[in-house]
Amino acid sequence: MRITSKGQVTIPIDIRERAGLLPHTEVEWAIENGKVVLRPADGLTRGQRLVERLRNSATANTDMSADELFEMMRGPWEDLPEEPGPGLQAKARRFVPKK
């Protein structure tokens, strides 16, 4: 294996897979005990990085009631059809929110 004039090296696929180095993985280089070491930049696998990124991305507004949350997602109760259609059960129309 050779280093190109641009300093690039192709990492064999079996090593990439065993190390979890997938395309677009951020990596870091280090010299440990006289050896060059390549590893994911944060020490996490791709899946772990995804979970960490998503973990704090959703925010909850705990000041809203369930009725307010439902209205925000589907619109005001007044805008719902009188007759249940596909996906809207008749028993759901029996519930009338308190105002």
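Worth knowing before you read on, the calculation uses all heavy atoms, side chains too, and leaves out hydrogens, waters and symmetry mates.
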Inset, instruction - Return yes if some donor-acceptor pair links the side-chain N/O of E68 with the main-chain N/O of S65 below 3.5 Å, else return no. - result: yes

Any heavy-atom pair between the side chains of [Y] and [X] that's under 4.5 Å?
X: M1; Y: V9; result: yes
X: L50; Y: R53; result: yes
X: Q8; Y: R2; result: no

Inset, instruction - Could you tell me whether E26 atom CD has more than 12 heavy atoms of other residues or ligands within 6.0 Å of it? - result: no

Inset, instruction - Verify the cluster assignment for I15 and W29: are they in a single hydrophobic cluster under the rule of side-chain heavy atoms below 4.5 Å apart? - result: yes

Inset, instruction - Say whether I11 and V37 are linked into one hydrophobic cluster, either directly or through other cluster members, by side-chain heavy-atom distances under 4.5 angstrom. - result: no

Legend entry - Ionic contact status for R55 with E52, cut-off 4.0 Å: yes

Legend entry - Stepwise side chain to side chain contact (heavy atoms under 4.5 Å, CB included) test for L38 and L21: CA-CA 10 Å; L38 172 72; L21 300 173; 3.9 Å; yes

Legend entry - Which atom of E28 lies closest to which atom of A41, heavy atoms considered: OE1-O, 3.0 Å

